Amino acid sequence: MAVSDPVRVRIAPSPTGFAHLGTASTALYNVLFARQTGGTFVLRIDDTDMERNRPEYEALIYESLRWLSLGWDEGPDKGGPHAPYRQSERVDVYKEEAARLIQQGKAYRCYCTPEELEAERRQAQAEKRAYRYSRRCLTNPPEGRSVFAVRFKVPGGEVTFADMVRGEMRFDAGLIGDFIIVKSDGYPTYQFASPVDDARMEITHVIRGEEHLSNTPYQLMLVDALGYPRPHAYAHMPLILAHDGSKLSKRKHPEANLILFRDQGYLPEALINYLALLGWNPGTEQEIFSFDELVRAFSFERVQHGGARFDWEKLNWINGEYIRGLSDEELARRLKSFLPQLDEDVVRRAIPPLRTRMYKLAQAVDYLDYLWTDPPTPSLDAETVERVKAAIDALKDVPWEAEAIESALENAVASSGVGKGKFYTPLRDTLTGKKVSLPIHYTLELLPKDEALKRLERAA
RNA sequence: GGCCCGUUCGUCUAGUGGACCAGGACGCCGGCCUUUCAAGCCGGAGAUCACGGGUUCGAAUCCCGUACGGGCUACCA
């Protein structure tokens, strides 16, 4: 592959579960690099696991990536010069390549049953040696069997390659046993399909998670055996870790589901910002980055080598920063789907007191649900009831607008002989049924005047 | 077991031989503001740089070893 080739990168998620944080993170780094170099970003669906694939998971990948504005230039839904982009639709390609390898003596059929392989493995373990396939089907194939997988005959030697984050990598392929490239169901394994497609789709830079670092020599041997040019470089990005330091996985960590972030009201641009900072840093003290700033600042040299724990607290802070930075119009627009019970006008009026109080959009519900639910009427002592009555009197003839309400209330407080806290707390309780609310004048104003007065009179 | 990657405040990190008895951010604690809760502002605590050996006048920074964590080693991806 010539160095001057236009950059082509890709992600290859498998639709075996919801789209998760790791997919977003890898996609982000790929997109950043593509935008930075004027390259092309390809989405390839890696659906070679017939047991676990589900079409709805593929739809979720599209939905999640689009939500994050991590759009692709070529993919199953858009087509492109290397279609199809779904591996299940490229089985002929892999079969053809496997046949070529077999013909050239670089791969062979393996008729071993899972039980036989398991026995080999056990044996090796018992003898305390590293397990490698015995090659019995190469040297002494069994007779009369028809079910087979295809194994790559590992040539051994040393495999070296350039990693943009870790530098020159070197692996001893002598330690790698012959591995399966086509499963007995006819579908390719990841180790086979991935490098074949990368080569055929002319991927120039393979940017993926660190879990694939040790897989790279497997794939490079295949690329060489097939006679394809190798990618210019790889970049193995640090893993996102769960709180306990283990790799964030779909099974163990359902909270890594991207759709859940959207549904809780994390802003896509805030999540992107946080993800970029997890494992990479600009070398300056800047923390908040627009997408364009990320495109300009990102570089693989400044990528962390070790995994990073996902920290909700910091994400919450960044998300809050973004929420506070939104215009009233924009915030109202984004809040809409979280507050279907409210008129646009009410949402709009709620924004000034609301915006500094949320670190995620779904919290608006906690502050505003008193507007569409009827709180229980508190039972107040005689003295408190007098104050509520005073509030009603003060409010009765006031224009229903926050400032007017505030000054009317302040007058009532002044002549009540108690402080604001003591005066407002029962009002808040009566109006919302909660101990925490927006400032009392906003709490009142957002409610229709008759409804507000009704609730107060009920308690008085 | 083998191979690979990693290890700086609770967390994310700055740091590439002397300016570091280690800087920033989140979180935490205290104060101010304040009707509650936030936001904002001010201040503070918090890291013997995993450990042990080297190299060097000098090491968080270089080398070796150990420990710990993670990944891969599947007819999962």
Side-chain angles (χ1 to χ4, degrees), chain A residues 12-16 46-49 51-53 87 110 112-114 117-118 121 124-125 127-132 147-151 163 166 169-172 175-177 179-191 193-194 209-218 236 238-239 241 243-247 274 277-287 302 304-318 320 324 353-359 363 366-367 406 409-410 413 419-425 427-429 432 434-441 443:
Chain A
S14 61
T16 55
D46 189 345
D47 56 348
T48 55
D49 183 345
E51 304 271 294
R52 300 191 298 152
N53 291 324
Q87 291 187 324
C110 175
C112 293
T113 64
L117 295 172
E118 181 54 31
R121 231 165 317 206
Q125 194 169 32
E127 292 168 23
K128 289 193 71 179
R129 21 171 269 266
Y131 172 69
R132 246 173 300 149
V147 177
F148 64 88
V150 179
R151 267 183 204 276
D163 189 290
R166 289 155 215 275
M169 299 301 305
R170 191 175 295 272
F171 287 85
D172 180 1
L175 268 17
I176 297 173
F179 56 93
I180 291 187
I181 57 176
V182 179
K183 299 180 263 186
S184 54
D185 66 2
Y187 280 84
T189 59
Y190 165 79
Q191 294 294 40
S194 182
E210 197 204 304
E211 73 261 38
H212 294 300
L213 187 54
S214 317
N215 290 150
T216 306
Y218 291 68
H236 289 96
L239 262 20
L241 272 22
H243 199 71
D244 64 1
S246 66
K247 174 185 159 188
Y274 178 64
L277 254 25
L278 247 201
W280 167 83
N281 83 82
T284 66
E285 291 183 356
Q286 185 175 354
E287 302 269 348
R302 297 203 63 89
Q304 216 61 31
H305 295 192
R309 286 168 217 244
F310 190 83
D311 181 12
W312 288 91
E313 299 288 354
K314 181 124 184 192
L315 202 220
N316 288 343
W317 173 73
I318 289 183
R324 276 167 244 132
L354 197 54
R355 71 167 346 123
T356 60
R357 277 166 250 260
M358 301 183 292
Y359 60 81
Q363 289 175 302
D366 296 329
Y367 280 106
E406 185 176 24
L409 245 26
E410 273 170 2
V413 169
K420 282 182 175 178
K422 206 153 188 186
F423 195 92
Y424 292 158
T425 298
L427 299 186
R428 182 177 355 264
D429 187 13
T432 69
K434 302 182 185 194
K435 64 288 160 233
V436 173
S437 80
L438 299 180
I440 199 70
H441 51 292
T443 300

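Everything quoted here is computed from the prediction, not taken from an experiment. Naming convention: chains lettered A, B, ... in sequence-line order (proteins, then strands); numbering from 1 in each chain.
The residue A:L213 sits close only to the backbone: its heavy atoms come under 4.0 Å of sugar-phosphate atoms, none of a base. Here A:R355 lies out of heavy-atom contact (under 4.0 Å) with every strand. Within 4.0 Å (heavy atoms only), A:T48 reaches sugar-phosphate atoms of the nucleic acid but no base atom. Across all strands shown, A:H212 has heavy atoms under 4.0 Å from base atoms, whether or not it also approaches the sugar-phosphate. Within the 4.0 angstrom heavy-atom criterion, no nucleotide atom of any strand lies near A:C110. Using a 4.0 Å heavy-atom distance criterion, A:F171 is classed as a sugar-phosphate-only contact.
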Contact letters for nucleotides 29-41 of chain B, in which S counts primed atoms plus P, OP1 and OP2 and B counts the base, heavy atoms under 4.0 Å: ------BBBBSS-
Per-nucleotide protein contact string for nucleotides 11-18 of chain B, where B marks a base within reach and S marks sugar-phosphate only (heavy atoms under 4.0 Å, - for neither): SSSSS---
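With the nearest nucleotide of RNA chain B identified for both A:D46 and A:S214, A:S214 has the one nearer the 5' end. Two residues, A:D244 and A:Y131, neighbour RNA chain B, and the one matched to the more 5' nucleotide by heavy-atom proximity is A:D244.
Among B:C75, B:G2, B:C4, the nucleotide with an atom closest to any side-chain atom of A:R151 is B:C75. Distance from the side chain of A:S184 is smallest to B:C75 among B:C5, B:C75, B:U73. For A:T189, the listed nucleotide lying nearest its side chain is B:A77; candidates were B:G2, B:A77, B:G71. Checking B:G71, B:G27, B:G6 against the side-chain heavy atoms of A:L239 singles out B:G71 as nearest.
If you check B:A60 for Watson-Crick or wobble pairing at under 3.5 angstrom, you find it has no partner at all. Partner assigned to B:A25 is B:U11, using Watson-Crick or G-U wobble distances below 3.5 angstrom. Across all strands shown, B:C72 pairs with B:G2; the Watson-Crick or G-U wobble distances both stay below 3.5 Å. The partner of B:A47 cannot be assigned: no Watson-Crick or G-U wobble pair with both contacts below 3.5 Å exists in any strand. Nucleotide B:C32 has B:G40 as its partner under the Watson-Crick or G-U criteria, with both atom distances under 3.5 Å.
Following rounding to the nearest Å, A:E210 (CD) and B:U7 (P) show an atom-to-atom distance of 11 Å. In this entry the distance linking NZ of A:K247 with P of B:U73 reads 10 Å, nearest Å. One atom, CD1 of A:I180, and another, P of B:C75, lie 4 Å apart when rounded to the nearest Å. At whole-Å resolution of the value, CG in A:N316 and C1' in B:C26 are 10 Å apart. We find that OH of A:Y218 is positioned 15 Å from P of B:C76, with the value rounded to whole Å. B:A77 atom P lies 9 Å from atom CD of A:Q191, rounded to whole Å. Separating the CG atom of A:L175 from the C1' atom of B:U73 is a distance of 10 Å, rounded to the nearest angstrom. One atom, CG of A:D163, and another, P of B:G71, lie 18 Å apart when rounded to the nearest Å.
Between the A:D429 side chain and the A:T425 main chain, no donor and acceptor come within less than 3.5 Å of each other. Within the 3.5 Å criterion, the main-chain N or O of A:D366 finds a donor-acceptor partner in the side chain of A:K434. At distances below 3.5 Å, not a single donor-acceptor pair connects side-chain atoms of A:T48 with backbone N or O atoms of A:Y187.
In this structure, OG1 in A:T432 is found 7.0 Å from CD1 in A:I440, a value given to the nearest 0.5 Å. Rounding to the nearest 0.5 Å places OG1 of A:T356 at 7.5 Å from CZ of A:R324.
To the nearest whole angstrom, the two P atoms, one in B:G30 and one in B:C51, are 32 Å apart. Going from the C1' atom of B:U55 to that of B:U8 covers 22 Å, rounded to whole Å. Taking atom P on both nucleotides, B:G46 is separated from B:C29 by 16 Å, rounded to a whole Å. Comparing B:C49 with B:U7, their P atoms are spaced 15 Å from each other, to the whole Å. Remark: the separation of the P atoms in B:A77 and B:G2 is 27 Å, to the nearest Å. Rounded to whole Å, the P atom of B:C12 lies 28 Å from the corresponding atom of B:A59. On the C1' atoms, B:C20 is 16 Å away from B:U13, given to the nearest whole Å. Across B:C42 and B:G24, the matching P atoms stand 14 Å from one another, rounded to whole Å.
Surrounding CD of A:E51 are at most 12 heavy atoms belonging to other residues, nucleotides or ligands under 6.0 Å away. Within a 6.0 Å radius of CD in A:E118, other residues, nucleotides and ligands contribute more than 12 heavy atoms. Counting non-hydrogen atoms of other residues, nucleotides and ligands closer than 6.0 Å to NE2 of A:H305 gives a total above 12.
Partners of A:K422 by salt bridge (Lys or Arg N to Asp or Glu O under 4.0 Å), not counting sequence neighbours: none found.
No side-chain N or O of A:H212 forms a donor-acceptor pair with one of A:S194 less than 3.5 Å apart.
Not one side-chain nitrogen or oxygen of A:H305 sits closer than 4.0 Å to the OP1 or OP2 atom of B:C5. Side-chain nitrogen and oxygen atoms of A:K183 include at least one within less than 4.0 Å of the OP1 or OP2 phosphate oxygen of B:A77.
Within the 4.5 Å cutoff, no side-chain heavy atoms of A:I318 are placed close to those of A:E287.
Note on A:E210 versus A:R166: salt bridge recorded, some NZ/NE/NH1/NH2 to OD/OE distance being below 4.0 Å.
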Verdict with reasoning, A:T443 to A:S437, per side chain to side chain donor-acceptor pair (under 3.5 Å): CA-CA 7 Å; A:T443 300; A:S437 80; 3.3 Å; yes
